[in-house]
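These notes are about the structure you will find just below.
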There are 2 protein chains.
Amino acid sequence: MQPALRDPNPPLTRSVEDYLKVIYHLSSQGGFAATSDIAAMLDVSPPSVSGMVKRLSETGLIEHVPYRGVQLTSQGRRAALRMIRRHRILELYLTQHLGYDWGSVHAEAERLEHAVSDDLIERMASALGQPQYDPHGDPIPTAAGDIEETELVALADARVGTKLELRQVGTQDAARLRYFAEQGLTPGVLLTVSERQPFNGPTTIALVPSGEPRVVGRELAQLLWCQEIGA
Amino acid sequence: MQPALRDPNPPLTRSVEDYLKVIYHLSSQGGFAATSDIAAMLDVSPPSVSGMVKRLSETGLIEHVPYRGVQLTSQGRRAALRMIRRHRILELYLTQHLGYDWGSVHAEAERLEHAVSDDLIERMASALGQPQYDPHGDPIPTAAGDIEETELVALADARVGTKLELRQVGTQDAARLRYFAEQGLTPGVLLTVSERQPFNGPTTIALVPSGEPRVVGRELAQLLWCQEIGA
DNA sequence: TCTCATAATTAGTATAGACTAACTAGTTCT
DNA sequence: AGAACTAGTTAGTCTATACTAATTATGAGA
């Protein structure tokens, strides 16, 4: 029998940059990123995270409080934002210029973001007209490493009566993304919160300007991150 | 003292696919690819090549005759052609759609070819109109893994009167290579066969467009592999 | 306060690449 | 044929990632 071409089930290997990205996301609400959460996000075992955490804090990219968690240093934050810029520019480019749809673009960008040069990213950004938001509505960090800080509220938590702009959809799940798209719930859409049923019930919203109502169950409403529209 | 961010001088890591590509090129004239030539092409030490050669022949991608060299199996050839397709499509896409110039595109493609999906390559190929040749005139293998065989003829065997492009110099000998270079006989040069003397005598050629004549003895003329230029 | 469940860490190993130093096979020259 | 040079291989390490199994720290409930 012919030996296998390669191990059919190799452990997937995440890079330093992947760790920094998820630490950025997990600690964006100001706290520490926990080992087990990092492990879950990267689909890797907790000991693998402990090992990487040690290397990363030795090189000054994160700070580690044992048994507590981990936060980015300013250096680590810079590196994370650089990767996030790459990822979001790639997603936009692939959707706008190569016909990818939003649901499938993530995995491609995830691989490419490690291989492209800064030069190529900036060429893509130019071809896109220096965009500020990616297809999911997330802000794209600048080449200098600044990112727009927007306070976003989950639809599930928004007060009845407020007017909102849908800014980002907090999932990569293709089926949910497709459903949201069918419902007209794509980033940029304006809506008002009409009603919320008690006991963690669904939220009813009205799309602006059409006024069409939508009823969104609690689970999905927690994925829709919105920005309150001022006067 | 702050520890270094990472080893400032890490060994560069070539992948299986890089090895297959250079083996493809080195053995394209039907012979074996030598360990030291592979090492030189990949800028890696000879023992590294020996190690990779062992793995590659265990998995059936190459055949190894110790102290002789290495050849691709049909499986290895398929894998090599897949990478060559990726590389050439990428180079073409980057030059045509993102303003790269032909000199700088190689390194970018070299990194991307390992990260892109087949799907993305086919989208790029569509955007380019399913091209058959890259800007050097090298044929792009099809997605199915076929490549137009450019038949190379040794200058010593070319018919008088034909117009040729010098494609490959079939020796590693430094003195001969230097001599060829002095004579202006480097890959890419165009020439016509003016005359051949009988009894395995020398071939006289005229360089195009200068028209300068060169007389090439039989031994050397057998090292100069040329492609016939069609009408 | 003590115990226990859970989360995190350490210990020990694997894999795929790299390297240098040392050894061997093949070739060429006298 | 034998010596000497060259190319190739083997042996032994290194690095960065991963894993499982075993251990330890923390915090919550009795």
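Every chain is numbered from 1 and lettered A, B, ... according to where its sequence line falls, protein lines coming before strand lines. Heavy atoms only: backbone and side chains are in, while hydrogens, waters and symmetry mates are out. Values in this document were obtained by computation on a predicted structure and should not be read as measured data.
Minimum atom distance to the side chain of B/H64 is reached by D/dT9, of the listed D/dC19, C/dC19, D/dT9. For B/T13, the listed nucleotide lying nearest its side chain is C/dA18; candidates were C/dA18, C/dC19, C/dA8. Side chain of A/P47, nearest nucleotide from D/dT10, C/dA11, D/dA18: C/dA11. Nearest nucleotide to the side chain of A/P66, out of D/dT10, C/dT9, D/dA18: C/dT9. Of all nucleotides listed (C/dA8, D/dA18, C/dG26), D/dA18 comes nearest to the side chain of A/R14. Each of D/dA18, C/dA18, D/dT9 was ranked by its minimum atom distance to the side chain of A/P11; first place goes to D/dA18.
Note: CG (B/L61) to P (C/dA16) measures 13 Å, nearest angstrom. In this structure, the CG atom of B/L12 is 15 Å from the C1' atom of C/dA16, given to the nearest Å. Following rounding to the nearest Å, B/L26 (CG) and D/dG8 (P) show an atom-to-atom distance of 12 Å. When rounded to the nearest whole Å, the span between CZ of B/F32 and C1' of C/dG26 equals 15 Å. Distance CE (B/M52) to P (C/dG17): 4 Å, rounded to an integer number of Å. In this structure, the CZ atom of B/R68 is 7 Å from the P atom of C/dT27, given to the nearest Å. Atom CD of B/E58 is separated from atom P of D/dT9 by 14 Å (rounded to the nearest Å). Rounded to an integer number of Å, the gap from CG of A/D37 to P of C/dA8 is 7 Å.
Taking a cutoff of 4.0 Å between a charged side-chain nitrogen and a carboxylate oxygen, A/K21 and A/E113 qualify as a salt bridge. Here A/D101 does not pair with A/R178 in a salt bridge; the nearest charged N to carboxylate O distance is not below 4.0 Å.
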Discussion item. Set out, in order, the CA-CA distance, both residues' side-chain angles and the distance that settles salt bridge (charged side-chain N to carboxylate O under 4.0 Å, His left out) for B/E63 and B/R68, then state yes or no.
Written reply: CA-CA 11 Å; B/E63 280 184 34; B/R68 249 321 160 71; over 6 Å; no

Discussion item. Walk me through whether A/S117 and B/E108 qualify under side chain to side chain donor-acceptor pair (under 3.5 Å).
Written reply: CA-CA 7 Å; A/S117 65; B/E108 190 80 48; 2.5 Å; yes

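Within 4.0 Å of A/T35, counting heavy atoms only, lie sugar-phosphate atoms of the nucleic acid but no base atom. In this structure, A/V44 reaches the sugar-phosphate backbone alone: every heavy-atom distance under 4.0 Å involves primed, P, OP1 or OP2 atoms, never a base.
Checking the phosphate oxygens (OP1, OP2) of C/dA18, a side-chain nitrogen or oxygen of B/Y19 falls inside 4.0 Å. For D/dC19, the OP1/OP2 oxygens have a side-chain nitrogen or oxygen of A/S45 closer than 4.0 Å.
In terms of position along DNA chain D, the nucleotide closest to B/S36 lies nearer the 5' end than the nucleotide closest to the other residue of the pair B/S36 and A/R55.
Between the side chains of B/Q75 and B/T73, no donor-acceptor pair of N or O atoms lies under 3.5 Å.
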